[in-house]
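The figures that follow rest on heavy atoms only: side chains count, while hydrogens, waters and symmetry mates do not. Residue numbering restarts at 1 for every chain, and letters A, B, ... go by the order of the sequence lines.
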Amino acid sequence: MEAMEIDPETNSKGKDEAKPIMVILMGAPGSGKSTFCDLVMRVSTRHWVRICQDTIGNGKAGTKNQCLAGAASALKEGKSVFIDRCNLDREQRADFVKLVGPEVEKHAVVLDLPAKVCISRSVKRTGHEGNLQGGKAAAVVNRMLQKKELPKLNEGYARITVCQDENNVQAAINTYTALGPSDKLPPGFFGQKNSDAKVQLGIMKFLKKKDPPGYSDTVTNVSPENIQSHATKKTDSNQVVESREEPKMTAAGSNISLENTPTLAFPSISTADFHFNLDKASDIIVEKVEEYVNKLGNARLVLVDLSQNSKILSLVKAKAAEKNIDSKKFFTFAGNITKLYSEGGLHCTAIANATNWRLKPGGGGVNAAIFSAAGPALETATKARIGSLSPGKAIVVPLPSSSPLFSREGVTHVIHVLGPNMNPQRPNHLNNDYVKGCQILREAYSSLFDGFASIARTQGEPSKDNFEKELKREAQPEQGSTNGDQKAKREAVCEADMNKKYKSFVKEPGPNVGSSGDGNSGEQTRKAWGSWAQALYDTAMHPERHKNIIEKSDDVVVLNDLYPKAQKHFLVLARVEGLDRLADVQKEHLTLLKTMHSVGLKWAEMFLSENNSLIFRLGYHSAPSMRQLHLHVISQDFDSKHLKNKKHWNSFNSPFFRDSVDVIDEVSQNGKATLKDENFLSMELRCHRCRSAHPNIPRLKAHISSCQASFPAFLLQNGRLVLLEGKDADH
DNA sequence: GTTCTAGAAC
DNA sequence: GTTCTAGAAC
């Protein structure tokens, strides 16, 4: 039997008196605050009271003061409270934080779901039909979201959990459901730190790579080293545990994303109950990790111990650093191995269980914790595989999706491992024979890592071979109706999905990748142009063959866009062979860029003289669909029957659209332009003026046809918007 | 880039 | 039933 070192600070055992807490929910109408409370209260063993402004007034609209009074009296009775009101701005929630002294912990749970989701839920909830109600709900949600301020720890919260998708919400529900009357959650900031949820989850992945200037959503990029240093720091009440991004955590029943890095969390084997010498054990851990870390591809190994002051963690950490082991692939982590994701934000696909030879639950320590957290499903699944384990051996057990470890923590496999027993108080100990002990411990780690390697292979990113497979499959005739064929089709579909994921994962050349003009030199293969994408190239090379052209010079061709996305929408084409897109632009093209800009400006002014209400913006698409570098000059009314979908909108109204002035600056400074991720094309629809969110294109178009709000400050600077002199875009 | 359309969302 | 999106084909 194996036990972890116990940390007196975080361990709740022995403190039995109930500790009421106040959980302040924050979120727009429709974000799911009430559902959150209901789900927790239905199962929790803690005595919760939900303070809801909608219901506290007994039919009439409640007041904030009623809520404050209700919360105070519940807390006085020793009950924990949920403050179920929007609480979106700091001022609104400050009174609740101040309501009681520090003896009551205050937590914030932010349901920061996409505006679209909240709007559509609120609309549903009104139960009314017609656009008016829907429109009203949208307006309310939008108004509230504009006031949104994410909570900060210094407002007085011991713990902040930010949920940005349903999986985050479920994880938070599970965390609070599992919080017994005398339990305590670790303090800190959990969840994505994204200053306002303008950007959806898919985009977060990109933001991790690079913070786009101008869209200043701050995302803290946390490397394993940072996680480690935060987590092993001595906790004080103000400690900020920065957001750890594992956004691909999935909920019960769904598949674990292939984009997850396979990660094994393992406790130190034999060093607790089995009394293995810590110094010797740490040598063996580092030796074995070093041996395996490179065999495991992109998979990660994490040594976990409950205690923040763990001796074994610090020994291993120091020795691993000495050996220069890649800290991205191996690091130490202080936390509860059964709650690495929900409490520590660290998503591990597999966890090792330092078990007993009978593979039975109980005993205490890691084994008891893991069997208890995994539920009876683990015991059943283990029994189905093997009856007992000898020292030095490990066995991989896939975790059924019914297990909370799977649904809450995203753990797909438990690997039981049995180490040598050096404890003279226990039966079958090795009588201080460290020759044998070390040999068995090495063997145990080998078995453990081999077991992990076998599953990591199937959890990791698909190999490039899949591209070939996909090509082959496309070449095959897809006919037949036998079951076998259907199965094959299903598999094919599944594989295609994998390919999609893989492609989107690696395809994006990213900002400034590679030297431009390198043609097919191999590394990042660019998307090939389809036949339909050649029209502009042909226009640039042979303008005489084309109509719709409004100006032609040696450097550029100006033409109206064939499918204008606004009242006025024209293109300035560069007439340089091989200059296909923004990614190809180098310092030598600076003059050309300036020419394109001034020609665009000239024509914008020309159209302005015809219609002085127009406002123009000049810029490039980060990844254009059509070949040949072209500058879009587009009026900001976006009044066009050709503007039909999200991609159309976001290609002109997200960071994907690179203002000509910025491109010129960047190229003159860095010799290249920054390109933004294509994921921006699928972000939620927001008005380019007031930034309100809209559930679909028709609603958005209805809104922008009348929105007169001033443009965001970013656009008002540096001549990004072109309008009649004397006219003010900021009115 | 657009068009077409299945099927999801309403 | 109608509206809307998103993926495939071009």
Side-chain angles (χ1 to χ4, degrees), chain A residues 30 113-138 141 166 200 202 470-471 473-478 489 492-501 503-504 507 526-540 546 548 557 559-566 569-573 580-582 619-634 638 640-652 656-657 678-686 693-704:
Chain A
L113 298 169
K116 183 177 165 176
V117 172
C118 302
I119 292 169
S120 87
R121 282 193 200 145
S122 315
V123 171
K124 258 185 212 160
R125 194 160 47 189
T126 59
H128 296 291
E129 287 167 29
N131 285 342
L132 189 67
Q133 292 294 333
K136 261 188 196 162
V141 171
E166 288 303 336
Q200 288 174 325
E470 188 181 33
L471 287 173
R473 193 177 57 251
E474 272 174 8
Q476 281 164 3
E478 47 147 66
K489 262 189 205 166
V493 165
C494 186
E495 209 175 81
D497 281 351
M498 285 161 63
N499 276 302
K500 261 179 242 152
K501 276 181 188 158
K503 278 183 194 160
S504 67
K507 176 194 67 200
R526 281 174 173 166
K527 248 184 294 175
W529 300 110
S531 58
W532 44 263
Q534 305 289 345
L536 293 179
Y537 170 74
D538 203 59
T539 307
H546 297 265
N548 232 342
V557 171
L559 71 158
N560 283 310
D561 194 294
L562 190 56
Y563 299 95
K565 303 297 183 294
H569 181 190
F570 60 95
L571 308 175
V572 183
L573 279 180
D580 288 349
R581 56 192 128 199
L582 198 50
Y620 300 86
H621 285 160
S622 288
S625 300
M626 305 289 279
R627 178 181 176 191
Q628 197 63 16
L629 183 69
H630 54 282
L631 172 68
H632 287 271
V633 183
I634 185 164
F638 296 105
S640 163
K641 63 174 184 184
H642 297 294
L643 200 162
K644 291 175 176 168
N645 59 43
K646 209 175 220 186
K647 184 176 177 181
H648 290 155
W649 178 258
N650 284 328
S651 70
F652 292 102
F656 182 85
F657 186 82
E678 284 182 71
N679 287 333
F680 280 117
L681 296 175
S682 48
M683 69 185 259
E684 61 191 345
L685 297 166
R686 282 187 180 266
H694 299 270
N696 55 44
I697 289 287
R699 296 267 193 88
L700 173 75
K701 290 179 92 168
H703 167 83
I704 57 170

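Distance, Y563(A) OH to dT2(B) P: 7 Å, rounded to whole Å. Across the protein-nucleic acid pair, H642(A) atom NE2 and dG1(B) atom P stand 14 Å apart, rounded to whole Å. For the pair L681(A) CG and dG7(C) C1', the computed distance is 15 Å after rounding to whole Å. Atom CH2 in W649(A) sits about 19 Å away from atom C1' in dG1(B), given to the nearest Å.
Although no hydrogens or angles enter the test, the distance criterion places no donor-acceptor pair under 3.5 Å between the side chain of Q534(A) and the main chain of R627(A). With hydrogens and angles ignored, the 3.5 Å screen pairs a side-chain donor or acceptor of N650(A) with a backbone N or O of M683(A). With hydrogens and angles disregarded, a donor-acceptor distance shorter than 3.5 Å links the side chain of K701(A) to the backbone of L643(A). Looking at W649(A), its side chain does come within 3.5 Å of a backbone N or O of R686(A) through a donor-acceptor pair.
One finds a side-chain N or O of H621(A) lying less than 4.0 angstrom from the OP1 or OP2 phosphate oxygen of dG1(B). The phosphate of dT2(B) (OP1 or OP2) has a side-chain N or O of H648(A) nearer than 4.0 angstrom. Within the 4.0 Å cut-off from OP1 or OP2 of dG7(C), not a single side-chain nitrogen or oxygen of K647(A) is found.
Screening N645(A), I697(A), I704(A) against L685(A) for a side-chain contact (heavy atoms from CB on, under 4.5 Å) leaves a single residue, I697(A).
Checked against ring pair (Phe, Tyr, Trp, His ring centres under 6.0 Å), F652(A) has the following partners two or more places apart in sequence or in another chain: H569(A), H621(A), H632(A), F657(A).
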Report each atom pair, protein N/O against N/O of nucleotides 3-6 of chain C, whose distance is under 3.5 angstrom.
from   : atom 1 : to      : atom 2 : distance (Å)
dT5(C) : OP1    : I697(A) : N      : 2.8

